[in-house]
Amino acid sequence: MTENLTSHDPRTGLPVGEVPVTPPEEVPAVVERSRKAFSEWKQLDHKERRAYLKRFKQTVLEQGEHIAEVVRSETGKPLSEAYSTDVVSGLTVMDYYIRNAEKLLQPRRGGSWPFVTTKGWTEYHPRGVAGVITPWNYPFFLAMIPTITALSAGCSVVLKPSEITPLTGQLFAELAEQAGLPPDLVQVIHGNGATGAALAESSVDVLAFTGSTEVGKLVAAEAAKRLTPVILELGGNDAMVVLDDADLKQTARAALWGGMINAGQACISVERLYVVDSIYDEFLLELDRVFDRVAVATEDEREIGPIIHPPQLAVIEAHVQDAVDKGARVVRGGKRAVTESGIYFEPTLLVDVDHSMTIVQEETFGPVIPVIRVSDGREALRLANDTRFGLHGSVWSEDRDRAKRFASQMKSGTVAVNDVAVNFIVPTVSFGGIGDSGSGSNFGEDGIRTTFCYPKSITAARLPRATSKLLGIWQPRRGMRYWKALARTLFRW
Ligand code: NAD
């Protein structure tokens, strides 16, 4: 008998729908069907693929509100937030690859120095079947990024959405079908970690994992057994640094948005806020003031959503409690808000925070902004970089050159200058972490060229007959006098 997976609305705890689980032992057959779809998809030229992907984009655009409603039904996030951060962000990445994939995948010529006898170029070929494993916080957008990048590269996709948000995953498959994508090009399998593990163990040609650091390590270990290339988009502990010449009003609004986005359940949300001493008091007044703009369960423009995965609530509480025990002060919120309609955590502002606290060391993944007072920019940089993560960060200063220099020194895969959490929707540059935040990128040039394609370099002799003589490697090999003269000629300068 087929087992079902039930999705719940976190606002009410009530079931909102169910999908059939894909038993782990069935995953290899799904991958084989995907391989057949790949063998046809890769034969299409860019124009043909683009026509399919345009229809896919059109379908997402037409069904945008419905997608946002499904996302809301199983994450509880406000409808306009679901529409902007899941649907519009998804469309942004689709549009980018539809416009640019052909150009990005053109062969690249290598230079001719010092091997003047040989010319070379690199071609980009699709790897094959892409296994995509995604989390629950942005169930549509985070599935769309690797899927559209993989399809644009010429790969087929097997998607394993989070068991917390399976309805959005199911909708993803339906949209692909409605758009008329070839059968089995995008297949969705459902289940918990066991189904995900079966995909990681399968014969997929590349794995794109987005989720926690702990599970990312398991997936990487599994992938290593087959040497399957794997890209890991993992947790973050992102620092926001406010320098003494920042626009305090604007920066306070940004901190609020960056900390409360998706009720803090975003890998690129503000997890640590460093403010230099000389403007600390003034900035804190601004920040405290803007907190009036957010509230839980209000159903108006102040609304921030619930804690999507209930066990996360205990993690947030433990981090706040640890901070308070070690001397932090709660200025706003600080506790769960058990409303009639579900489980929320109050928008929280913590001050007198220091680096011994778990809230600074670990990803809290909740609507909490811990503020750390620092003497100057140098101390801010040292502390911001004192982390095992490295996904995103931001720096705020009216002196743009100073801010850019600061950004370059931050230990992180992505940084925003006078902006926050924006890199995730800028597909023209790569997005990825370092350290415990992962490696590789689904985005931009890197995502399509080296994650979902393999680079094949080809060389061709310019003057085939002369080459072997000039090079002098072939038998009869030239002697030391020749090689020394050649080295002196080539590398004298
Ligand atoms: P998770 O790691 O618990 O689960 C992610 C996915 O992995 C789910 O689909 C799950 O079923 C699957 N899975 C679980 N065990 C598995 C196994 N052994 N093998 C293969 N797959 C397995 O993460 P989550 O709780 O769903 O998501 C929250 C985390 O995701 C946070 O840490 C957040 O920072 C991170 N995240 C990172 C990014 C990024 O781009 N870097 C984006 C969003 C979320």
Side-chain angles (χ1 to χ4, degrees), residues 5 7 19 21-22 24 27 74-75 85-86 89 93 131-146 149 158-166 168-169 172 188-202 204 207-223 225 228 230-238 261-271 307-313 315-316 362-366 388-392 412-414 421 423-425 427 430-443 447 451:
L5 191 60
S7 176
V19 297
V21 168
T22 312
V27 172
E74 53 185 0
T75 63
T85 59
D86 268 286
S89 304
V93 190
V132 172
I133 303 175
T134 53
W136 43 261
N137 54 342
Y138 291 96
F140 186 76
F141 181 42
L142 294 178
M144 182 53 81
I145 298 173
T149 316
V158 178
L159 166 66
K160 207 305 271 172
S162 168
E163 60 274 36
I164 313 294
T165 49
T168 310
F172 204 92
V188 176
I189 57 175
H190 290 292
N192 57 18
T195 306
L199 188 58
E201 285 162 23
S202 75
V204 292
L207 271 167
F209 175 83
T210 308
S212 63
T213 302
E214 292 65 32
V215 176
K217 286 179 182 173
L218 296 177
V219 169
E222 202 51 60
K225 291 183 189 160
T228 307
V230 60
I231 179 243
L232 301 167
E233 299 278 9
L234 309 179
N237 188 15
D238 307 348
I261 180 176
N262 209 23
Q265 299 157 106
C267 55
I268 36 73
S269 65
V270 172
E271 289 267 335
I307 302 309
I308 300 168
H309 185 37
Q312 187 64 26
L313 207 53
V315 176
I316 302 167
E362 301 296 330
E363 182 184 47
T364 300
F365 228 53
R388 64 189 169 94
F389 296 97
L391 187 61
H392 185 58
S412 174
T414 68
N423 300 45
F424 220 68
I425 49 165
S430 65
F431 181 93
I434 57 172
D436 273 5
S437 292
S439 60
S441 176
N442 284 322
F443 249 21
T451 299

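Atoms within each ligand, like the ligands themselves, are counted from 1 in listed order.
Looking at S430, its side chain never comes within 3.5 Å of a backbone N or O of F443 through a donor-acceptor pair. A distance-only check finds a donor-acceptor pair linking the side chain of T414 to the backbone of L391 [under 3.5 Å]. A donor-acceptor pair under 3.5 Å is formed between the side chain of T451 and the backbone N or O of S441.
For the side-chain contact (heavy atoms from CB on, under 4.5 Å) with L207, the qualifying choice from L232, V219, I231 is V219, the only one to do so.
T364 approaches I316 most closely through the heavy-atom pair O-CG1, 3.6 Å. Between C267 and F424, the closest heavy-atom pair is SG-CE1, 4.2 Å.
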Write out each pair where an N or O from ligand 1 and one from the protein are under 3.5 Å apart, with the distance.
from	atom 1	to	atom 2	distance (Å)
ligand 1	2 (O)	S212	N	2.8
ligand 1	2 (O)	S212	OG	2.6
ligand 1	9 (O)	T134	O	2.8
ligand 1	9 (O)	K160	NZ	3.1
ligand 1	11 (O)	K160	NZ	2.7
ligand 1	11 (O)	E163	OE1	2.6
ligand 1	19 (N)	A197	N	3.4
ligand 1	23 (O)	S212	N	3.4
ligand 1	25 (O)	W136	NE1	2.9
ligand 1	26 (O)	W136	NE1	3.2
ligand 1	30 (O)	G211	O	3.3
ligand 1	32 (O)	E363	OE1	2.8
ligand 1	34 (O)	E363	OE1	3.4
ligand 1	34 (O)	E363	OE2	2.5
ligand 1	41 (N)	E233	O	3.4
ligand 1	41 (N)	L234	N	3.2
ligand 1	41 (N)	L234	O	2.7

